Amino acid sequence: MRIPDNPRVLVVGSGAREHAVLRTLAQSQRRPVLFAAPGNAGMAAETTCLPVAVDDVVGLVQAARDIAADLVVVGPELPLARGMVDACQAAGIRVFGPTQAAAQLEASKAFAKAVMAEAGVPTASHQTFTDAAAAKAYIQQQGAPIVVKADGLAAGKGVVVAQTVAEACAAVDDMMLQGRFGASGQTVVIEQCLVGEEVSMMYFVDHETVAPMLPARDYKRVGEGDTGGNTGGMGAFAPVPELHHPAFVERVTNTIVQPLLAALKRRGIVYRGVLYAGLMVTADGPYVIEFNCRFGDPETEVVLPLLASDLLDILWAVTEDQLANVAVRWREEKAICVVLAAPGYPDAPQTGQAIVWPADGLTQAGAGGLALVYHAGSREVDGVLQTAGGRVLVCTGVARSFALARKIAYEAADAIYFDGKYLRRDIALHLDAAD
Ligand code: AMP
Ligand code: GLY
């Protein structure tokens, strides 16, 4: 594998996940020249941002050409689902991520369920409906608790874990009759409710090798104590102490990831990129809640800071089917992140508030560990940093213990101000005793 010096790398996306990818790439021994499209205010302060939206595949490929990119790294699911990787390959541009066919694993829950059934991968039993009355009849018959999901992409918000039949039926009406998620909600999947511990397992994957990342947990509910609606994620930590051992990871690799990749191959689909398995560890072992075809957000903001190997070498190796020849190593540390959200998130986030940083920076927060602040929905208007999305900033603490990592993350989170700033106070709280 020959990687040029100072490779030109374009990271597609504008969230904290992409900011974390960019920062990790910036540490590469290859000394890459980094670009982001469209990026955000935080990324713009560290690299060159190109004003192309993530859904503009043609524009993104042109941007990659214009900067003579040696590698394109696609962050979000939308361009993957729209064939960004296929378009780059057709243009002869090296790209990290799954093809459009492979990205269906995330873009269509019905497709994912069909492949899991073929592969014998444990997952919740389910039925797919395009008719609201039939969906509600099935809910009546199954009883509660039960899970209702919009079939297409809904930014992590298209899932209702209903505790009662009435709540589940209301969710069906919301998605199918009120059009809450547009076309994504016209097909719904009704699923058995799994009970257990949730964990996100991400893997680097090439044509025949898989390399697991550290097990991570995210906090999807908006409210403390896991109450309220689902969000894109309010915080995360890694590793998950009780699952951070080889036997668990091997079980996931052997019973979930490898059979799934084999089933895709039988359909003529070779998966390359990051495969994200959202799992529920039940009394019967790990079950798949969902697959994502990309790095998780906010899991990436706690997993990549713990990577001890060179991320650029890993991503490059995947594009060459050389992953087997690259070591993927992790630090023996802990990481916790907390999301600073705009008021009104997730339903109706208000934006345009000035973001105020402490005059003395975040230096004191870093004592005994590392505070990292990744930007998500931020922009600069006339030299003033402003909120520009639901999730605004992500504060990560990295340290030898969870307690210290937590302290560092929250000190940074508290030191930054904007009107109506909302955060959960209970991220990784139970782990203070686990160190
Ligand atoms: P998803 O967008 O599919 O990841 O679902 C969002 C969240 O809903 C998950 O992280 C789980 O907390 C919950 N969830 C989804 N499916 C199920 C299920 N079958 N049983 C229990 N909880 C679920
Ligand atoms: N953290 C869940 C996701 O990235 O979809």
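Just so you know, these numbers use all the heavy atoms, side chains as well, and skip hydrogens, waters and symmetry mates. Whatever order the structure lists ligands and atoms in, that order sets their numbers, starting from 1. Numbering starts at 1 and runs along the sequence shown. Note that the coordinates shown come from a computational prediction; the quantities given were computed from them, not determined experimentally.
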Open item on the list: At less than 4.0 angstrom from any non-hydrogen atom of D218, what atoms of ligand 2 do you find?
Closed with: 1 (N), 2 (C)

- [ ] Would you check if there is a donor-acceptor pair between the side chains of S28 and D310 at a distance under 3.5 Å?
- [x] yes

TODO: Give a yes/no on ligand 1: does M280 have at least one heavy atom closer than 4.0 angstrom to it?
DONE: yes

Open item on the list: So, 4.0 Å and heavy atoms of G278: is ligand 1 close enough to count as a contact?
Closed with: no

- [ ] May I ask you to identify, for Q192, whether its side chain, its backbone, both or neither come under 4.0 Å of ligand 1 on a heavy-atom basis?
- [x] backbone

Open item on the list: Check this for me - ligand 2, K220, N or O atoms closer than 3.5 angstrom, yes or no?
Closed with: no

Open item on the list: Testing Q127, H126, K113 one by one against E191 for a side chain to side chain donor-acceptor pair (under 3.5 Å), which residue passes?
Closed with: K113

Task: Short N or O distance, L194 and ligand 1, threshold 3.5 Å exclusive - done: yes

Open item on the list: Taking the basic N atoms (NZ, or NE/NH1/NH2) and the acidic carboxylate oxygens, is any pair closer than 4.0 Å for E224 and R425?
Closed with: no

Task: Lys/Arg-Asp/Glu bridge criterion (N-O < 4.0 Å) met for E106, R294 - done: yes

Open item on the list: Does any part of the side chain of D55, heavy atoms only, come nearer than 4.5 Å to the side chain of R82, both counted from C-beta?
Closed with: yes

Task: Atoms in ligand 1 with a heavy atom of K149 nearer than 4.0 Å - done: 3 (O), 15 (C), 16 (N)

TODO: Closest by any non-hydrogen atom to atom 13 (C) of ligand 1: pick that one out of I289, V161, N292.
DONE: V161

TODO: From atom 5 (O) of ligand 2, work out which of R294, E299, E77 has a heavy atom at the shortest distance.
DONE: R294

- [ ] Identify, by atom number and element, the atoms of ligand 2 in contact range of G296, meaning under 4.0 Å from any of its heavy atoms.
- [x] 4 (O)

Open item on the list: I'd like to know if R17 contacts ligand 2, where contact means a heavy-atom distance under 4.0 Å to any ligand atom.
Closed with: no

- [ ] Could you tell me whether ligand 2 has any atom less than 4.0 Å away from a heavy atom of Y276?
- [x] yes

TODO: Using distance alone, with no hydrogens and no angle criterion, decide if E301 and T396 have a side-chain donor and acceptor under 3.5 Å apart.
DONE: no

Open item on the list: Would you say the rings of Y138 and F129 are close, in the sense that their centroids are separated by under 6.0 Å?
Closed with: yes

Task: Smallest separation among heavy atoms of D206 and Q322, with atom names - done: OD2-N, 3.2 Å

Task: Structural part of R217 in contact with ligand 2, heavy atom criterion under 4.0 angstrom - done: neither

TODO: Might you confirm whether atom CZ of R267 has over 12 heavy atoms from other residues, nucleotides or ligands at distances under 6.0 Å?
DONE: yes

